[in-house]
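Note that these values count all heavy atoms, side chains included, but never hydrogens, waters or copies made by symmetry. As the structure lists them, so they are numbered: ligands from 1, and atoms in each ligand from 1. Numbers here simply count residues along the sequence, with the first being 1.
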Amino acid sequence: MKRPLHVGLTGGIGSGKTTVSNIFADLGVPVIDADIIARQVVRAGQPAFDKIVSFFGESILGEDGELDRSKMRTLVFNDKQTRKKLESFTHPEIHNEMNRLSEQVSYPYCIISSPLLLESGTAYKLDRILVIDLSESEQIRRASARDQSEPEEIEKIVRSQLDRKDRLEFADDIISNDKDLSSLQKQVDQLHMKYLAMAESRTGLEC
Ligand code: ATP
């Protein structure tokens with residue numbers, strides 16, 4: 001069987017990555033979501049969990065024996081060294097799991113969704129990069145409404161991420177998410193046909 005086409009999906013905070021991924025998933029497309037995997041690899045009993053607890057100590061655990069995410073956030077916030085240390089425990093596990101899942105795909109293409117696809121580079125071979133594009137003011141509006149957080153908090157995150165213009169320079173395909181959900185559905189439908197055709201026209205056993 002031909003290797004499935006790997007489509008990396010990314011975009012800034014609140015741009016609509018989850019919404020778009022869900023539309024692809026509804027069409028039957030396998031979606032590998034780095035955010036979900038990142039949460040799984042730090043669950044109690046997982047290899048990254050053991051390393052994190054050995055390094056940071058048991059005080060970072062909540063009463064349920066799982067990592068206390070808000071304590072972790074406080075620890076790594078504004079401390080680059082600590083964040084790097086944490087990432088050295090989690091990133092290899094996330095990459096291993098994403099590779100494992102992408103090797104299991106038996107569909108012409110798959111979506112690999114990651115907020116930091118462009119910022120932190122990727123260990124996977126991506127055939128296309130799909131960027132979800134939205135104005136920064138609308139990103140802030142939607143994400144703060146969704147999370148019930150202060151717009152200033154979201155704005156800080158927007159500023160820490162890749163600039164909209166720079167992100168678009170990496171894009172092979174772009175979804176504009178500045179209209180309603182039916183516009184989003186239409187754009188996903190079009191890309192779905194395009195990716196199926198691209199996957200079909202690939203020759204031989206590529207890997
Ligand atoms: P994050 O980076 O924080 O994980 P995300 O990129 O996955 O966010 P979503 O959670 O999909 O973004 O979307 C952000 C919010 O905007 C959600 O509440 C979602 O329902 C809403 N949203 C997404 N697309 C649209 C749209 N076209 N019109 C109105 N609201 C939308």
Side-chain angles (χ1 to χ4, degrees), residues 6-43 67 69-70 72-74 76-78 83 86-87 90-91 93-95 97-98 101-102 110-122 124 126 128-192 195:
H6 286 178
V7 179
L9 180 154
T10 194
I13 182 170
S15 59
K17 296 177 293 297
T18 308
T19 310
V20 170
S21 292
N22 289 342
I23 301 176
F24 275 109
D26 285 346
L27 292 169
V29 181
V31 174
I32 300 167
D33 187 324
D35 265 350
I36 294 176
I37 293 168
R39 285 195 286 274
Q40 283 167 351
V41 302
V42 298
R43 298 290 312 266
L67 288 185
R69 300 185 74 83
S70 92
M72 287 305 302
R73 262 197 302 273
T74 310
V76 300
F77 195 70
N78 287 336
R83 194 173 74 235
L86 177 65
E87 287 173 356
T90 56
H91 281 186
E93 303 298 334
I94 296 170
H95 288 152
E97 183 61 3
M98 290 185 79
L101 292 173
S102 66
C110 65
I111 297 287
I112 297 178
S113 170
S114 169
L116 297 176
L117 204 65
L118 306 175
E119 281 91 335
S120 64
T122 170
Y124 340 100
L126 294 174
R128 313 267 317 159
I129 300 215
L130 167 59
V131 169
I132 316 298
D133 184 48
L134 185 62
S135 70
E136 293 179 349
S137 57
E138 190 62 11
Q139 277 181 263
I140 294 167
R141 203 187 65 72
R142 288 184 190 170
S144 55
R146 180 199 56 194
D147 300 344
Q148 294 175 338
S149 42
E150 292 300 323
E152 292 73 24
E153 288 303 306
I154 305 293
E155 190 174 357
K156 266 192 221 159
I157 298 173
V158 169
R159 299 273 160 259
S160 75
Q161 294 182 333
L162 205 61
D163 186 60
R164 182 182 185 188
K165 185 171 150 288
D166 293 339
R167 187 183 289 113
L168 285 173
E169 282 182 6
F170 286 97
D172 297 300
D173 303 297
I174 299 169
I175 287 183
S176 300
N177 192 13
D178 54 355
K179 299 200 179 68
D180 58 10
L181 293 176
S182 72
S183 154
L184 214 50
Q185 178 78 52
K186 235 178 266 166
Q187 295 179 72
V188 172
D189 286 344
Q190 279 170 3
L191 281 172
H192 179 58
Y195 294 149

Peer 1: In this structure, does ligand 1 have an atom that sits under 4.0 Å from one of the heavy atoms of Gly11?
Peer 2: no
Peer 1: Identify which one of Gln185, Gln187, Lys186 satisfies the side-chain hydrogen bond (donor to acceptor under 3.5 Å, both in side chains) criterion when paired with Ser183.
Peer 2: Gln187
Peer 1: So, does Gly12 sit close enough to ligand 1 that a heavy atom of it is under 4.0 Å from the ligand?
Peer 2: yes
Peer 1: Which atoms from ligand 1 have a heavy atom of Asp180 less than 4.0 Å away?
Peer 2: 27 (N)
Peer 1: Only heavy atoms of Asn177, strictly under 4.0 Å: list the atoms of ligand 1 that pass.
Peer 2: 23 (C), 24 (N), 25 (C), 26 (C), 27 (N)
Peer 1: If hydrogens are left out, which of Thr18, Ile175, Thr19 has an atom nearest to atom 13 (O) of ligand 1, that is, the closest non-hydrogen atom?
Peer 2: Thr19
Peer 1: Going by heavy-atom distance to atom 31 (C) of ligand 1, choose the closest among Gln161, Arg142, Gln185.
Peer 2: Arg142
Peer 1: Can you list the steps and then say if Thr10 with Ser114 is a side-chain contact (heavy atoms from CB on, under 4.5 Å)?
Peer 2: CA-CA 6 Å; Thr10 194; Ser114 169; 5.6 Å; no
Peer 1: Which option out of Arg146, Lys179, Lys17 puts a heavy atom nearest to atom 3 (O) of ligand 1?
Peer 2: Arg146
Peer 1: Tell me whether Leu184 has any N or O atom under 3.5 angstrom from an N or O of ligand 1.
Peer 2: no
Peer 1: Applying side-chain contact (heavy atoms from CB on, under 4.5 Å), run through His6 and Arg128 and close with a yes or a no.
Peer 2: CA-CA 7 Å; His6 286 178; Arg128 313 267 317 159; over 6 Å; no
Peer 1: Main chain of Leu162, side chain of Arg167: is a donor-acceptor contact present, judged purely on distance under 3.5 Å?
Peer 2: yes
Peer 1: Which residue and atom name correspond to the protein heavy atom nearest atom 12 (O) of ligand 1, and how close is it?
Peer 2: Gly16 N, 3.1 Å
Peer 1: For Ser15, does its backbone N or O pair with a side-chain atom of Asn177 as donor and acceptor, under 3.5 Å?
Peer 2: yes
Peer 1: Could you tell me whether the side chain of Lys17 and the main chain of Gly12 form a donor-acceptor pair under 3.5 Å?
Peer 2: yes
Peer 1: Could you tell me whether the side chain of Leu168 reaches within less than 4.5 Å of the side chain of Ile174, counting heavy atoms only?
Peer 2: yes
Peer 1: Give the atom numbers and elements of ligand 1 that come within less than 4.0 Å of a heavy atom of Leu181.
Peer 2: 24 (N), 25 (C), 26 (C), 27 (N)
Peer 1: Is ligand 1 less than 4.0 angstrom away from at least one heavy atom of Ala143?
Peer 2: no
Peer 1: Does atom CD of Glu150 have more than 12 heavy-atom neighbours, drawn from other residues, nucleotides or ligands, at distances under 6.0 Å?
Peer 2: no
